[in-house]
Protein chains: 2
Amino acid sequence: MAGAKLDDIDRKILAELQADGRMTNVELARRVGISAPPCLRRVRVLEELGYIRGYHARIDARELGFEVQVFAMVRLIAQSERDLAAFEAQVQVWPLVRECHMLNGEIDFILKCVAPDLSTFQRFLTSSLTAAPNVASVKTSLVIRASKTEPAVPFEVVEERVREAG
Amino acid sequence: MAGAKLDDIDRKILAELQADGRMTNVELARRVGISAPPCLRRVRVLEELGYIRGYHARIDARELGFEVQVFAMVRLIAQSERDLAAFEAQVQVWPLVRECHMLNGEIDFILKCVAPDLSTFQRFLTSSLTAAPNVASVKTSLVIRASKTEPAVPFEVVEERVREAG
DNA sequence: GCGGCCGCGCAAGATCATTGCGCGGGCCGA
DNA sequence: TCGGCCCGCGCAATGATCTTGCGCGGCCGC
């Protein structure tokens, strides 16, 4: 299923909507070179096939008072699928955890967290995260600044560049 | 500036648009309890003040053929502001790097990367990332699965929950 | 009490979304 | 080669939405 039945217009639609998710359909149609009705139909198909997972406004966490961003590298004691799922379930209910990815290797999970200030985060760290069952160790790093954020370059362009260079 | 002059309606607007960035303005207005024109004016203000940084379609990388996702922890040899900026500039031109965050502590940067397959990533790792000037070491971890992704809970709700619990 | 200011809601014209429909090109079998 | 089928485009029309100007009412300071 992966990338099989997409033509150039589809890829361009994805790239444009990745760059500006609130673009009107007529503007989108103009940019990809077809008229509005088939363009809208293509977007609907891309949504239904799962290429487009949703549309979201990017909110500036710092403007909202979340001055602190932290990456937390978590190691568990036991890593059976049951243990992993239990930790994932726990992560869902922690509002300060914005993202969680399960990794291979030494680190089992990496968590992207936010907090209004350092003391709030440290309270979460000591009383929630490290105190959670099955957590062996947590290493944290404060984010100084974001150097690059998605959507950096549309995936369409990534494909091209990878083909060219490597 | 942080979070000062936002009322409840503003926060609700942010939460709704974070959840669905393509919601029509009339639907948004209905949900936050005001009529469409002032709602649109508020959205414009939130955009101009930087609370809303943009709208983006979330594209499924795996569906597009990017089967591999990797976190790379990078340590540099020298960490002067000039050295840091030089590495950040280099990161911008690598299409496989989707995100880059500068951290404090041992690790200087964490990179979120994608690749069509493992060999493509390893080629990038050896011939680009570790070969870049000033890079001391790179530790990589494959992403097994995403357990939680933004926008998890709208920031509005995070604020409430932090105030309640901790 | 009173004037000024701010933000809301109403109304109208422009723009956009969405559907049905006809047309043309590509493909396959006769 | 030639029909017939199928798919996707573009046109057209209707309804919804966007966008602006404007008047009203509440709130604050004088």
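Bear in mind that the values here come from a model prediction, so they are computed numbers and not experimental data. Here is the naming used below: chain letters follow the sequence lines, and residue numbers restart at 1 for every chain.
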Given atom [atom1] of [X] and atom [atom2] of [N], what is their separation to the nearest angstrom?
X      : N       : atom1 : atom2 : answer
L28(B) : dT17(D) : CG    : P     : 13 Å
R30(B) : dG9(C)  : CZ    : C1'   : 18 Å
N25(B) : dT15(C) : CG    : C1'   : 14 Å
I34(A) : dG24(C) : CD1   : P     : 20 Å
R44(B) : dC8(C)  : CZ    : P     : 15 Å

Can we say E27(B) and R31(B) salt-bridge, meaning some charged N sits less than 4.0 Å from an Asp/Glu carboxylate O? yes
Charged N-O contact under 4.0 Å between E106(A) and K139(B): no
Give a yes or no on this: more than 12 heavy atoms of other residues, nucleotides or ligands lie within 6.0 Å of atom CZ of R53(A). no
Mind checking if S35(A) touches a base, just sugar-phosphate, or nothing, with heavy atoms under 4.0 Å? base
Of the listed nucleotides ([options]), which one gets closest to any side-chain atom of [X]?
X      : options                   : result
P38(A) : dC18(D), dC9(D), dG9(C)   : dC9(D)
L40(B) : dA11(C), dC18(D), dC9(D)  : dC18(D)
T24(A) : dT18(C), dC22(D), dC16(C) : dC16(C)
R41(B) : dG9(C), dT18(C), dC18(D)  : dG9(C)
R42(B) : dC16(C), dG7(C), dT18(C)  : dG7(C)

Parallel, tilted or perpendicular: rings of F87(A) and F109(A) (30°, 60°): tilted
